[in-house]
**Q** 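Next up is a structure, given as structure tokens.
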Amino acid sequence: MAEKNIPMSKEQLEALTERFPTPFHIYDEQGIRENARRLKAAFAWNPGFKEYFAVKAAPNPYLMKILKAEGFGSDCSSYPELLLSERVGVVGEEIIFTSNDTPAYEYQKAAELGAIINLDDITHIDYLEENVGLPELVCCRYNPGPLKGGNAIIGHPEEAKYGFTREQLFEGYRMLRDKGVKRFGLHTMVASNELDRNYFVETAHLLFELVAELSAELDIAFEFVNLGGGIGIPYRPEEEAIDLAALGQEVKALYDELIVGKGLKPLDIRMECGRMVTGPYGYLVSRVLHKKNTYKQFVGLDACMVNLMRPAMYGAYHHISVVGKEDAPCDFVCDVTGSLCENNDKFSIDRAIPQVEIGDLVVIHDAGAHGHSMGFNYNAKLRSAELLLREHGEVVQIRRAETVEDHFATLDLEGLGAFDV
Ligand SMILES: *Cc1c(COP(=O)(O)O)cnc(C)c1O
């Protein structure tokens, strides 16, 4: 069971809305730090273990600074993400640049920062060499495709646009070796929002075996394997978080057998999780604006899908609490909606929640990853603020809400008068 608590009382939240109007996202620093420490502890047996936080999950430099303090690097996949990482002082091999369909200027920035470049395709070897030059250390992204003998766990990676095939991987590392690259890493990511830890054990298994084969065939040594991101979070109260300590021990058992046991050089375990790092520690706080009773019951919030797109986009479940009514019976079945002129702008459909009143505060849970960052401006909706609950209880604003001036900043409204029609 995943408990869906709010780290503030009703009184504290109400007081906060006087300083910061709803809707807003608020992150819990203590939760983020404790979770980061659990992940590190699970892999403490591996001296080179490192988690590169997938910046896209929550691209806020204040959160990134907290994660840097916990020893995490950055997983970037675009130029602005690289700039954010640079800004918080996460540079060099503390960055892994795991991109795809990448323009040259992004590789250039990654190289300038000394980031580990993780290539998505065999043709990117020449592209990188011609546009930037090859660095000393290169990582390649493996797509295991339709695995021989089948792999019940990993599913159908051949449908994914990412990574090298197995044959391309052997050819790619050979090319890199012959072009003078000296240091190597191997990456794959085959799961997303996965709560079965066997996926990640199986990923480690695949990579450890492949490292042995590639090393033997090409006479190269690998410094690290990157298991990717994709560790899920229990969005539903009845779901269970991944047992990180057990995952760490199961990967260790495979490491002892397949790396140490085969006399291979020590290998660092790397990860690039986003969702599990900040997801459960972010809350979207909103207020009930309207109640409507037509063919169904509707509860309209002052937040909408631009603040949290996952329910509308994937039908994803996000738990909803009515503040102050946490222990009330859930006997009111309704759709909880936003105000976009899109009927899929709903945070939940036919959900039983406590009896709500206009003006109640509502908290949407697990919005700390792929939440604010997936925001958009359709219907000219403005993005909300991001707040941080510090460990000692103070709340600070880490991103202000957008204004209409921000929204119109890319339009030349001055020039409109001289525009003849
Ligand atoms: C999205 C992504 C991640 C992070 O995924 P989470 O589900 O947030 O852990 C990591 N690596 C790559 C390459 C990604 O595309």
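Counting starts at 1 for both ligands and their atoms, following the listed order. These numbers come from a predicted model, not from an experiment. Any value given below was found using the heavy atoms of this structure, including those in side chains, with hydrogens, waters and symmetry copies removed.
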**Q** Could you tell me if the side chain of E213 sits less than 4.5 Å from the side chain of R166, heavy atoms only?
**A** yes

**Q** Taking the six-membered ring for Trp and the full ring for Phe, Tyr or His, determine whether the centres of Y283 and H365 are under 6.0 Å apart.
**A** yes

**Q** One thing to verify: whether K68 and E94 come together as a salt bridge, which I'm taking to mean a side-chain N less than 4.0 angstrom from a carboxylate O.
**A** no

**Q** Under a heavy-atom criterion of less than 4.0 Å, does M276 contact ligand 1?
**A**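 No, M276 has no heavy atom closer than 4.0 Å to ligand 1.
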
**Q** Find all atoms of ligand 1 within a distance of less than 4.0 Å from any non-hydrogen atom belonging to G229, and give their numbers and elements.
**A** 9 (O), 10 (C)

**Q** Distance alone, cut at 3.5 Å: any donor-acceptor contact between the side chains of N377 and E402?
**A**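 Short answer, yes.
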
**Q** Please verify whether a non-hydrogen atom of G230 lies at under 4.0 Å from ligand 1.
**A** yes

**Q** Regarding ligand 1, does S192 bring an N or O atom to under 3.5 Å of one of the ligand's N or O atoms?
**A** no

**Q** For ligand 1, is there an N or O atom under 3.5 Å from any N or O atom of N193?
**A**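 N193 vs ligand 1: no N/O contact under 3.5 Å.
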
**Q** Closest by any non-hydrogen atom to atom 5 (O) of ligand 1: pick that one out of M271, H187, M189.
**A** M189

**Q** Looking only at side-chain N and O atoms, does D121 offer a donor or acceptor that is under 3.5 Å from a partner on T123?
**A**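 Yes, side-chain donor-acceptor contact under 3.5 Å.
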
**Q** Closer than 4.0 angstrom: is that true for some heavy atom of C273 and an atom of ligand 1?
**A**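 A heavy atom of C273 does come that close to ligand 1.
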
**Q** Short question: side chain of Y255, backbone of L267 - any donor-acceptor pair under 3.5 Å?
**A**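 Answer holds: yes.
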
**Q** Evaluate D75 for polar contact with ligand 1, using N/O atom pairs at a separation under 3.5 Å.
**A**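 There is such a contact, yes.
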
**Q** If you apply the rule ring-ring contact (aromatic ring centres under 6.0 Å, His included), what do you find for H318 with Y235, and how did you get there?
**A** CA-CA 6 Å; H318 277 261; Y235 285 104; 4.9 Å; yes

**Q** Give me the residue, atom name and distance of the protein heavy atom closest to atom 1 (C) of ligand 1.
**A**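 Protein heavy atom at minimum distance: K56 NZ, 1.4 Å.
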
**Q** List every atom of ligand 1 that sits less than 4.0 Å from any heavy atom of T98, numbering the atoms from 1 in the order shown and giving each element.
**A**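 Those of ligand 1 that fall under 4.0 Å from T98 are 13 (C).
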
**Q** With heavy atoms only and a cut-off of under 4.0 Å, state how R141 meets ligand 1: side chain, backbone, both or neither.
**A** side chain

**Q** Near G274, which atoms of ligand 1 are under 4.0 Å from a heavy atom of that residue?
**A**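 Those atoms are 4 (C), 6 (P), 8 (O), 9 (O).
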
**Q** Side chains of S339 and K381: donor-acceptor distance under 3.5 Å anywhere?
**A**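 Yes, because at least one side-chain N or O of S339 sits under 3.5 Å from a partner of the opposite role on K381.
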
**Q** Quick test of your reading of the structure: of E272, R275, H370, whose heavy atom lies closest to atom 13 (C) of ligand 1?
**A**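 Looking at heavy atoms only, E272 sits closest to atom 13 (C) of ligand 1.
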
**Q** Look at K40 together with E70 and state whether they make a salt bridge at an N to O cut-off of under 4.0 Å.
**A**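 Looking at K40 and E70, the cut-off is met.
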
